[in-house]
Amino acid sequence: QATTSHEVVDYLTEFSGINPGDLDVAVSSKHLTTLKATYLKLLYLLEVGVKFVGHGLKKDFRVINILIPPENVLDTVELFYLPKHRLISLRFLAWYFLGIRIQEDTHDSSEDARTALQLYHRYQELESEKKLTESLHRLYETGRNYNWVIPDKGEVSH
């Protein structure tokens with residue numbers, strides 16, 4: 001049974017996506033698991049050769065103190081990156097490459113995961129069409145033009 005004896009003072013819902021009750025086994029609609037079970041599942045996935053797709057995974061894995069070999073990580077923060085330039089948020093990449101708006105009200109890790117997978121597929125398309133470098137240069141130009149802020153709905157996009 002997943003439980004904690006520590007009182008949560010601030011869930012930082014805007015960033016974590018966690019609401020009061022989400023971590024309470026008695027009332028949560030989420031699938032809760034223990035830290036040990038989670039580590040065992042990650043170890044199993046690693047052993048069977050799973051590729052982890054996400055955005056900012058290096059940081060996530062560092063936070064949970066686990067080392068995943070680079071060949072098992074497909075990280076959109078690195079795939080959509082030009083050397084010596086800034087890293088680009090998942091939110092901006094989703095708007096630019098997929099035409100969708102995410103993280104509008106709160107952080108949702110499921111939405112982030114789906115979006116990262118969609119972006120990875122877009123990356124594969126651009127690579128196969130030999131348009132990745134050109135697209136990245138246009139991305140950075142658009143980002144600079146918008147000061148990396150997604151325009152309001154109704155405004156003309158890129």
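Along the sequence shown, residues are numbered consecutively beginning with 1.
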What one should report as the nearest heavy-atom pair of G21 and S28 is O-CB, 3.3 Å

Quick one: do K30 and I18 satisfy side chain to side chain contact (heavy atoms under 4.5 Å, CB included)? Show the steps, please.
CA-CA 10 Å; K30 313 285 188 215; I18 299 172; over 6 Å; no

Quick one, E129 and Q124 - any side-chain contact, counting heavy atoms below 4.5 Å?
no

How far apart are the closest heavy atoms of L79 and Y120, and which atoms are they?
CD1-CD1, 3.6 Å

With the side chain counted from C-beta on, respond yes when T115 and Q103 share a heavy-atom pair under 4.5 Å apart, and no when they do not.
no

K131 with E125: basic N within carboxylate O range, under 4.0 Å:
no

Donor-acceptor under 3.5 Å (Y81 side chain, I88 main chain)
no

Salt-bridged, R91 to E111, with N to O below 4.0 Å?
no

State yes or no: do V50 and L46 share one hydrophobic cluster built from I, L, V, M, F, W and Y residues joined by side-chain heavy-atom distances below 4.5 Å, directly or via other members?
yes

Quick one: pull up OG1 in T38 and CD1 in I64 and give me the separation to the nearest 0.5 Å.
8.5 Å

Shared ILVMFWY cluster between I66 and L74, side chains joined below 4.5 angstrom?
no

For L67, which fellow cluster members are found when Ile, Leu, Val, Met, Phe, Trp and Tyr are connected by side-chain heavy-atom distances below 4.5 angstrom, either directly or through intermediates?
none

Quiz question: by atom type and distance under 3.5 Å, do the side chains of D112 and H55 form a donor-acceptor pair?
no

Polar side-chain atom of K51 near backbone of E71 as donor-acceptor pair, under 3.5 Å:
yes

Look only at the side chain of T76 and the backbone of A116, and say whether a donor-acceptor pair between them is shorter than 3.5 Å.
no

Counterpart residues, side chain to side chain donor-acceptor pair (under 3.5 Å), relative to H137 (two or more places apart):
none

Shortest non-hydrogen contact between Y140 and H85, atoms and distance:
CE2-CB, 3.3 Å

Side-chain heavy atoms under 4.5 angstrom apart, residues restricted to Ile, Leu, Val, Met, Phe, Trp, Tyr: same cluster for L139 and Y123?
yes

Are L93 and F52 joined in one hydrophobic group, where the rule is that I, L, V, M, F, W and Y side chains link up if heavy atoms are under 4.5 Å apart?
no

Interatomic distance, T34 atom OG1 to K41 atom NZ [nearest 0.5 angstrom]:
12.0 Å

Looking at N147 and V149, would you say the former's side chain and the latter's main chain have a donor-acceptor pair under 3.5 Å?
no

Salt bridge (charged side-chain N to carboxylate O under 4.0 Å, His left out) assessment of E78 paired with K58:
CA-CA 10 Å; E78 295 174 8; K58 190 183 293 184; 3.3 Å; yes

Donor-acceptor check, side chain of D75 to backbone of L57, threshold 3.5 angstrom: yes or no?
yes

Look up atom OG in S29 and atom CG in D24, then write down how far apart they are to the nearest 0.5 Å.
11.5 Å

For N65, does the CG atom have more than 12 heavy-atom neighbours from other residues, nucleotides or ligands under 6.0 Å away?
no

Minimal non-hydrogen separation, L119 against A94, with atom names:
CD1-N, 4.3 Å

Point-to-point distance, once rounded to the nearest 0.5 Å, from CG of L23 to CG of L32
6.5 Å

Measuring from atom CZ of F80 to atom CZ of F97, what distance do you get when rounded to the nearest 0.5 angstrom?
5.0 Å

Note: L126 and S135 closest approach over all heavy atoms is CD2-OG, 3.4 Å

Taking V53 as the starting point, is it possible to reach L98 by hopping between hydrophobic residues whose side chains are less than 4.5 Å apart?
yes

Classify the ring geometry of W95 against Y146: parallel below 30°, tilted from 30° to 60°, perpendicular beyond 60°.
perpendicular

